[in-house]
Amino acid sequence: MEENDLMQLGLTKGEAKVYLTLLKLKESTAGPIVEESKVTRSKIYDILERLKNKGLVSYITKESTKYFSVAN
């Protein structure tokens with residue numbers, strides 16, 4: 001799956017980058033997602049929230065830290 005494929009399905013460029021990064025990382029906090037996807041830190045939580053609302057991303061909280069992953 002490539003970024004352009006996801007964009008054709010209706011994701012923004014940022015959403016596609018973050019989704020593909022999460023596929024690669026499996027489970028991660030926001031920091032490594034920012035580094036790998038090259039999406040700015042100021043936008044990462046908004047993008048993750050939009051992906052969550054679309055049912056593509058979920059998160060769990062461990063010791064007050066959110067860990068994001070691709071939803072099943």
Side-chain angles (χ1 to χ4, degrees):
M1 188 176 304
E2 293 187 22
E3 192 175 306
N4 288 335
D5 297 330
L6 293 170
M7 290 172 66
Q8 288 179 347
L9 294 174
L11 296 184
T12 65
K13 186 175 183 99
E15 290 170 344
K17 285 180 176 185
V18 170
Y19 184 79
L20 290 172
T21 297
L22 274 173
L23 280 175
K24 181 178 177 183
L25 297 177
K26 307 288 189 232
E27 181 179 89
S28 178
T29 59
I33 298 169
V34 168
E35 291 174 19
E36 184 74 27
S37 68
K38 307 296 187 228
V39 171
T40 62
R41 186 169 292 279
S42 63
K43 294 181 181 179
I44 195 68
Y45 286 103
D46 181 49
I47 290 171
L48 287 165
E49 184 66 24
R50 289 196 317 254
L51 289 171
K52 184 177 85 61
N53 290 339
K54 292 177 180 183
L56 299 174
V57 168
S58 62
Y59 70 88
I60 59 171
T61 304
K62 298 178 189 175
E63 300 177 14
S64 301
T65 303
K66 287 184 180 179
Y67 288 81
F68 299 92
S69 61
V70 173
N72 292 334

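Note that the structure is a prediction, hence the values are computed from the model and not measured. In this chain, numbering begins with 1 at the start of the sequence shown.
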Closest heavy-atom contact between Gly55 and Ala71? O-CB, 3.4 Å
Leu20 to Glu2 - nearest heavy-atom pair and separation: CD1-C, 3.9 Å
Would you please name every residue forming a side chain to side chain contact (heavy atoms under 4.5 Å, CB included) with [X], sequence neighbours left out?
X: Val70; answer: Tyr19, Leu22, Leu23
X: Ser28; answer: Leu25, Pro32, Ile33
X: Thr40; answer: Ser42, Lys43

Would Tyr67 and Ile44 show up in the same hydrophobic cluster when neighbours are defined by side-chain heavy atoms closer than 4.5 Å? no
Going by the ring-ring contact (aromatic ring centres under 6.0 Å, His included) test, which pairs reach into residues 41-63, not counting sequence neighbours? Tyr59-Phe68
Report the residues that fulfil side chain to side chain donor-acceptor pair (under 3.5 Å) with Thr65, sequence neighbours left out, ordered by chain and then residue number. none
How long is the gap from CG on Leu48 to OG on Ser58, to the nearest 0.5 Å? 11.0 Å
Determine all donor-acceptor pairs shorter than 3.5 Å in which one atom belongs to a side chain in residues 6-18; sequence neighbours excluded.
from	atom 1	to	atom 2	distance (Å)
Thr12	OG1	Glu15	N	3.1
Lys13	NZ	Glu3	OE2	3.3
Glu15	OE1	Thr12	N	2.9
Glu15	OE1	Lys54	NZ	2.9
Glu15	OE2	Arg50	NE	2.7
Glu15	OE2	Lys54	NZ	3.3

